Trainee: 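Here it is, the structure, as structure tokens.
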Amino acid sequence: MITVYWVYPDGSEHKASVEEGVNLMEAAMANDIESIYGECGGSMACATCHVEVDESCGIKAGEPFAMENEMLDMVESGRTPTSRLSCQLVASPELDGIRLKVAW
Amino acid sequence: MKNEFDVVIIGAGHAGAHLVNVLVRKKYTGSVALISDEMFQPYHRPPLSKEYLKTEQVDSRPLLTGGALSSPNISFMPGCRVAGGDLQAGSLTLTNGTELGFKQLVLATGASPRKLAIEGAGLEGIVSLKTLADAEKIREALFQTKELVLVGGGFINLELACSLAGEGRTITVLEQTPRLLQRAVSPVMSEFLKTEAEKLGVRILLNEEVSRFEGDGKRISHVVTAAGERFEAGLAVVAIGSVPESGLAEDLGLECTNGIVVNGQLQAAPNVYALGDCVFFPDPSASHSLRLESVQNATDQANYVAEALTGSAQEEYHAIPWFWSVQGANRLQIAGLAKPGTRQVISGEPADANFAVYHYLGEQLCAVETINRPGEHMLARKMLKENFSPTEAEVVQGVEAIKAALASRESKNV
Ligand SMILES: Cc1cc2nc3c(=O)[nH]c(=O)nc-3n(C[C@H](O)[C@H](O)[C@H](O)COP(=O)(O)OP(=O)(O)OC[C@H]3O[C@@H](n4cnc5c(N)ncnc54)[C@H](O)[C@@H]3O)c2cc1C
Ligand code: FES
């Protein structure tokens, strides 16, 4: 289990334990994170799982994959330097404590 | 005493389940029954023909959010089929005899695989692929046979063929028409997908009509074509299109043609909505109605009906259709609808497995197919939404030229 924080635009946060191996879009759905819908089920087809990794906590998620990168360039909520599609992030010990800003 | 609900949703596929998700997130407090004739928690169907059978997992990704599963006002009723009802009285009867009352009704009954009514169709080892239960049947058969015949060269069978190719299997796709996906994609795309599947060792035969199945009286052994050719088969997957599940709606007295007929508000009658694969809805950008089978259509219509059920008045339903398919290493995406008779402009090279096909009716862009270009697909959705048609020169120059043209138009409009 790792701990994941989702941070809303108003600064409020949702903390949850996530089993290793689960992708963070599914984790967001299970925890009802507002605005994350994962419409395509993690097929990298919808971009409704867009998040911004808050690296101020010291935990980074790494670079997006090539196709993900192309999608991120076009997300409606606007790309940031640490944007990721959360369906492509899989819970692992390195991500323990990660903070994800929910793109609105 | 019958169980009374504010909203009864029949069918817990992508449309019904997403509607519940949105109602819960909107903090809807009315009572909702979500009725499913499947035994499982609602799940994503697309993986079933893609990666699902390659893994050992036996459940697909869940559709309902944590909140939808735990909200006290949501009653999920699996393994229940609605047998009939009375719209005037606001009541429904389940096949087990239970009576339900509703104030508002949502039909999200989906579509079912079209059956092949030919000799031998009742043999074991002939399946279609719609549900998790179907996928499990295929998985079981894969332990027993390496001879697979896939009847119909549509999305489901092409995805399945590419995902099952290898491991010593013989996979043959038999398609009745002269090209794959004739009604859905351009000839260039049909040819590309055929070549790519063939590279994986899949045999694809066009203009082949299947006329009967042969077996030992119990299990299938061969698929036979009208031309008299016999193909050995331990498993035959029939995927030749779908028919809308509109029988219940007809019994309820609702008009059905190619699906349940609705108005621009997705209403089939006062207080009765229909959405997803089962609905024949007006296309505001054309003068006719259409039926779509896609996750996008189910989801966008569910978003719309959620607004309607929570009382927000709205304009007519309108959304840009989009679709994806994964065939082996290739990701096909389609934005808009590729109608017959379009002029097509190609950007990139099919040989590089990285290209796009732009469809125009006159000067108007109506659809874009992309292979392994998810960014361009997103751009295409934006162009269609903003009613922007790039010139042929811009398309050939590539994404940056299109983006620049779109941005310059946007700045002029401000
Ligand atoms: C194998 C496969 C792969 C796919 N891949 C893609 C893809 O890659 N991309 C894409 O965009 N789309 C894809 N689709 C299509 C997509 O899954 C459908 O468009 C979507 O599921 C439609 O949702 P729906 O809710 O309208 O219908 P469904 O998902 O069909 O759900 C309807 C449900 O209602 C139930 N039902 C019907 N009648 C009754 C009744 N009387 N009482 C109770 N329950 C009832 C049905 O059993 C069913 O469970 C795929 C479909 C399949 C089968
Ligand atoms: S869930 Fe669709 S892109 Fe991540």
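Sequence lines set the chain letters: A, B, ... in the order given, protein chains first and strands last, and positions in each chain run from 1. Predicted model only: the values in this text are computed from it and were never measured. Only this structure's heavy atoms are used, side chains among them; waters, hydrogens and symmetry mates stay out.
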Trainee: Measure the NZ-CD distance between B:K385 and A:E76 for me, rounded to the nearest 0.5 Å.
Mentor: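 Nearest 0.5 Å value for the NZ-CD distance: 4.0 Å.
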
Trainee: Looking at B:N372 and A:M67, what are the two nearest heavy atoms and their distance?
Mentor: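 Looking at all heavy atoms of both residues, the closest pair is OD1-CE, 3.5 Å.
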
Trainee: Are B:R61 and A:E26 ion-paired here, with the side-chain N under 4.0 Å from a carboxylate O?
Mentor: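 Yes, charged N to carboxylate O under 4.0 Å.
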
Trainee: Mind ranking A:G38, A:A30, A:G42 by heavy-atom pairs under 4.5 Å with chain B and telling me who comes out on top?
Mentor: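 Ranked by heavy-atom pairs under 4.5 Å with chain B, first place is A:A30.
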
Trainee: Name the region of A:L72, side chain, backbone, both or neither, that has any atom closer than 4.5 Å to a heavy atom of chain B.
Mentor: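 Neither the backbone nor the side chain of A:L72 comes within 4.5 Å of chain B.
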
Trainee: Is there side-chain contact between B:V22 and A:Y37, with at least one heavy-atom pair below 4.5 Å?
Mentor: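 Counting from C-beta outward, B:V22 and A:Y37 do come under 4.5 Å.
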
Trainee: Minimum heavy-atom separation for A:A45 and B:R331, please, with both atom names.
Mentor: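 Looking at all heavy atoms of both residues, the shortest contact is N-NH1, 4.2 Å.
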
Trainee: About how many Å separate NZ of B:K403 and CE of A:M74, when rounded to the nearest 0.5 Å?
Mentor: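 Reported value, rounded in 0.5 Å steps: 5.5 Å.
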
Trainee: To check you understand the geometry: which heavy-atom pair defines the closest contact between A:C46 and B:W322, and what is its length?
Mentor: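 Shortest heavy-atom separation between A:C46 and B:W322 comes out as CB-CH2, 3.7 Å.
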
Trainee: Please state whether the side chain, the backbone, both or neither of B:A68 comes within less than 4.5 Å of a heavy atom of chain A.
Mentor: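 Contact with chain A: backbone only.
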
Trainee: What distance separates B:F323 CZ from A:C40 SG, expressed to the nearest 0.5 Å?
Mentor: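 Between B:F323 CZ and A:C40 SG, I get 12.5 Å after rounding to 0.5 Å.
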
Trainee: Check whether B:E51 gets within reach of chain A through its side chain, its backbone, both or neither, counting any heavy atom under 4.5 Å.
Mentor: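 Contact with chain A: none, neither part.
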
Trainee: Which atoms of B:K382 come close to chain A, meaning under 4.5 Å heavy atom to heavy atom: side chain ones, backbone ones, both, or neither?
Mentor: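 The answer is the side chain of B:K382.
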
Trainee: Could you look at B:L69 and say if it's the side chain, the backbone, both or neither that has a heavy atom under 4.5 Å from chain A?
Mentor: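 For B:L69, no heavy atom lies under 4.5 Å from chain A.
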
Trainee: Find the distance between OG1 (B:T65) and CE (A:M29) and round it off to the nearest 0.5 Å.
Mentor: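 It comes to 6.0 Å.
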
Trainee: What's the separation between atom CG in A:D32 and atom CG in B:N21, rounded to the nearest 0.5 Å?
Mentor: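 One finds 7.5 Å between CG of A:D32 and CG of B:N21.
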
Trainee: At a heavy-atom separation under 4.5 Å, does B:P46 approach chain A through its side chain, its backbone, both, or neither?
Mentor: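 Neither; nothing under 4.5 Å.
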
Trainee: Which heavy atom in A:E70 sits nearest to a heavy atom in B:R373, and how many Å separate them?
Mentor: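 For A:E70 and B:R373, the tightest heavy-atom pair comes out as OE1-C, 3.4 Å.
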
Trainee: Which distance, rounded to the nearest 0.5 Å, do you find between the CZ of B:R25 and the OG of A:S35?
Mentor: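 The distance works out to 7.5 Å.
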
Trainee: Decide if atom CD of A:E55 counts as having more than 12 heavy atoms of other residues, nucleotides or ligands within a radius under 6.0 Å.
Mentor: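 Yes, enclosed.
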
